[in-house]
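This is a predicted model, so every value here is computed, not measured. Chain letters run A, B, ... following the sequence lines, proteins first and then strands; every chain starts at 1.
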Amino acid sequence: MTVSTDLRRTALHDEHVRAGARMVPFAGFAMPVQYTGILQEHDAVRHRAGLFDLSHMAQFVLEGPNVAEWAETLTINAIASMKPMQARYNIFCNPQGGAHDDTIFYRLENRWLLVVNGANADKMWRHVNANPAENVHLTNLHGKNALIAIQGPKSVEMLAPHTDVDIASVKYYFCAEGTVYGHPAVIARTGYTGEDGFELFVAGEHAADIWTALLRDHQAGGLEACGLGARDVLRLEAGMPLYGHELTETITPVQAGLQWALKTAKPEFIGRNALIEQMERDEYARIVGLVMGGRVPAREGYKVFLGDREVGEVRSGSMAPSVGGKNIATALVAKEAATAGTALAVEIRGAKHDATVVELPFYKRAK
Amino acid sequence: MAQPENLLYSKEHEWVKIEGDNAVVGITDYAQNSLGDIVYVELPRVGKQIEQFGNVGVVESVKAVSDLFTPIGGEVLEINDALENDPASVNRDPYGAGWLFKVKLADANEKNNLLSPADYDKIATE
């Protein structure tokens with residue numbers, strides 16, 4: 001399939017096209033939505049391993065002695081307490097508490113890496129530059145550096161032979177600097193699938209070499225190239241928010257159930273007062289998990305009812321292979337409709353379909 | 001890719017097999033491949049009168065909802081109930097086990113509005 005040529009291309013574009021991936025516009029890039037099929041790729045990640053090109057996401061390098069202090073004022077989670085080589089999920093909010101973006105900070109030995117959503121790359125670059133500080137130097141590697149993720153239970157055994165880092169000893173949400181197939185890489189034990197795995201931050205010029213070598217060496221062992229379609233199903237099952245769906249400029253981290261990432265003990269950061277007030281009043285609409293009773297999938301934007309009363313709307317939805325093939329969804333609903341076990345209905349093409357509120361995540365891997 | 005010769009086609013990527021006064025309808029291999037893994041199919045009720053090229057249901061893949069149009073008008077005689085438990089048969093066998101519904105033709109001339117295999121092939125390989 002052809003995609004209009006004004007889209008940006010990742011360093012792996014030619015590999016995707018050569019493999020017959022279906023390319024779609026996403027965050028200004030031509031990105032693979034699927035290779036063989038979403039369900040097969042999903043299965044590979046849950047049971048073997050999958051390889052993802054995430055180079056549409058933006059990498060900002062943060063350098064200087066004041067990075068932690070500066071970033072604390074812009075984000076809701078703690079930063080100064082991060083250990084060297086630790087990674088931490090964090091959210092940049094607006095003054096009303098809505099989310100500019102959800103991100104991951106990686107604290108390397110002599111610099112920081114901040115990874116922001118591809119769709120928010122320009123907005124976030126403007127945001128961090130609109131809040132400058134002494135002794136903080138920012139570099140935007142969007143479109144220059146590549147990001148390759150290997151995700152799934154076989155990730156360690158497939159990646160280990162090709163790196164000088166003892167990756168089995170890298171803890172979850174930590175990272176290491178080393179090489180992969182001889183190329184410099186930041187190797188982080190992070191991901192967005194609910195499985196074990198690694199994200200490899202590498203120079204764009206080395207990405208195709210690493211990508212093709214991993215597939216060459218491990219395709220027979222079950223490694224599959226995966227697209228963004230499978231990734232979306234995997235993250236939804238794992239209860240992870242997707243910016244633009246469960247988190248937006250108007251859906252706050254409190255509403256999204258991300259209080260664990262909100263450190264109100266920090267004296268000052270953008271959105272603090274609004275978020276504290278929202279939590280204390282406790283009347284906000286909130287993100288819940290829904291499991292549909294029937295076979296009709298719930299989709300973004302469908303209305304949600306408690307009895308005859310409209311109480312919210314679906315934000316993401318999919319058939320979920322790891323939840324027994326049921327249709328699952330997230331929905332933003334009024335507080336009184338948000339308790340696990342509550343029977344709701346989703347309106348689909350004029351008919352109401354049973355749904356039950358469940359605790360997130362839908363899927364948790366066996367440890 | 002050559003299209004099955006014994007069928008007629010619509011621009012919306014449905015096929016029709018006309019058998020006397022009746023017709024069987026499905027979606028083409030091109031359509032199922034474009035949609036990806038199909039997880040739900042909503043079909044018209046048996047007994048319903050449907051009009052040629054009208055919207056009669058939906059086909060849902062993991063990612064998306066797509067409208068289903070009928071390439072031929074008439075009364076719905078039968079729907080493929082097996083799709084409720086196995087919608088993926090539309091992916092596996094779009095011209096066989098993945099058929100969608102059967103129609104009693106309203107007007108045999110409607111087939112003149114459909115595409116031949118060769119003409120459909122031009123659309124499907126664009």
Side-chain angles (χ1 to χ4, degrees), chain A residues 1-2 20-24 26 31-45 226-237 242 245 292-302 314 316-329 346-351 353, chain B residues 1 11-13 27-46 48 50 54-70 76 79-94 97-98 100-101 121-126:
Chain A
M1 253 181 210
T2 52
R22 182 164 304 155
M23 306 300 285
V24 298
F26 189 83
M31 295 299 294
V33 66
Q34 68 167 58
Y35 290 80
T36 50
I38 290 173
L39 298 182
Q40 182 178 328
E41 294 162 29
H42 172 283
D43 188 71
V45 174
C226 297
L228 297 181
R231 190 166 184 256
D232 189 40
V233 179
L234 291 158
R235 72 88 197 168
L236 180 61
E237 290 178 336
L242 173 60
H245 295 257
M292 302 298 295
R295 294 185 177 275
V296 193
R299 305 285 183 180
E300 182 181 1
Y302 290 178
V314 171
S316 298
S318 177
M319 193 274 273
S322 299
V323 191
K326 291 180 180 158
N327 290 303
I328 61 169
V346 177
E347 187 177 87
I348 304 175
R349 294 180 288 277
H353 294 262
Chain B
M1 190 179 64
K11 287 178 186 165
E12 300 285 355
H13 307 285
I27 65 169
T28 66
D29 187 58
Y30 174 89
Q32 71 76 19
N33 186 52
S34 300
L35 290 166
D37 296 310
I38 292 167
V39 297
Y40 178 70
V41 181
E42 191 168 281
L43 297 172
R45 278 178 296 104
V46 171
K48 189 174 174 162
I50 56 177
N55 182 347
V56 296
V58 297
V59 179
E60 300 203 28
S61 66
V62 178
K63 285 296 286 179
V65 183
S66 302
D67 285 324
L68 173 66
F69 300 94
T70 181
V76 179
I79 60 172
N80 185 354
D81 290 324
L83 299 182
E84 191 174 332
N85 287 317
D86 186 19
S89 68
V90 179
N91 292 117
R92 290 195 308 273
D93 190 8
L100 301 181
F101 55 87
D121 198 56
K122 286 176 200 155
I123 293 177
T125 53
E126 251 173 20

Undergrad: Report which part of D232(A) has an atom under 4.5 Å of a heavy atom belonging to chain B: side chain, backbone, both, or neither.
TA: side chain
Undergrad: Judged by modelled atom types alone, do E237(A) and H42(A) share a side-chain donor-acceptor pair under 3.5 Å?
TA: yes
Undergrad: What heavy-atom pair brings L68(B) and E42(B) nearest, and what distance separates the two atoms?
TA: CD2-O, 4.2 Å
Undergrad: Heavy-atom count check: over 12 atoms from other residues, nucleotides or ligands less than 6.0 Å from R349(A) CZ?
TA: yes
Undergrad: Check whether R295(A) gets within reach of chain B through its side chain, its backbone, both or neither, counting any heavy atom under 4.5 Å.
TA: both
Undergrad: Between Q40(A) and D43(A), do the side chains contain a donor N or O and an acceptor N or O under 3.5 Å apart?
TA: no
Undergrad: Please output the residues of residues 87-94 of chain B in contact with chain A, using a heavy-atom cutoff of under 4.5 Å, in numerical order.
TA: none
Undergrad: Taking V314(A)'s backbone N and O only, do any of them form a donor-acceptor pair with E300(A)'s side chain (distance below 3.5 Å, no angle check)?
TA: no
Undergrad: For each of V65(B), V62(B), V39(B), tally heavy-atom pairs with chain A at distances under 4.5 Å, and name the one with the top tally.
TA: V62(B)
Undergrad: Relative to chain B, which segment of V233(A) carries a heavy atom at a distance below 4.5 Å: side chain, backbone, both, or neither?
TA: side chain
Undergrad: Could you tell me whether the side chains of S316(A) and R235(A) share a donor-acceptor contact shorter than 3.5 Å?
TA: yes
Undergrad: Is there a side-chain hydrogen bond (donor to acceptor under 3.5 Å, both in side chains) between H353(A) and E347(A)? Walk through the geometry before answering.
TA: CA-CA 6 Å; H353(A) 294 262; E347(A) 187 177 87; over 6 Å; no
Undergrad: Side chain of D67(B), backbone of V58(B): donor and acceptor closer than 3.5 Å?
TA: no
Undergrad: Chain A heavy atoms under 4.5 Å from V41(B): which part of the residue, side chain, backbone, both or neither?
TA: neither
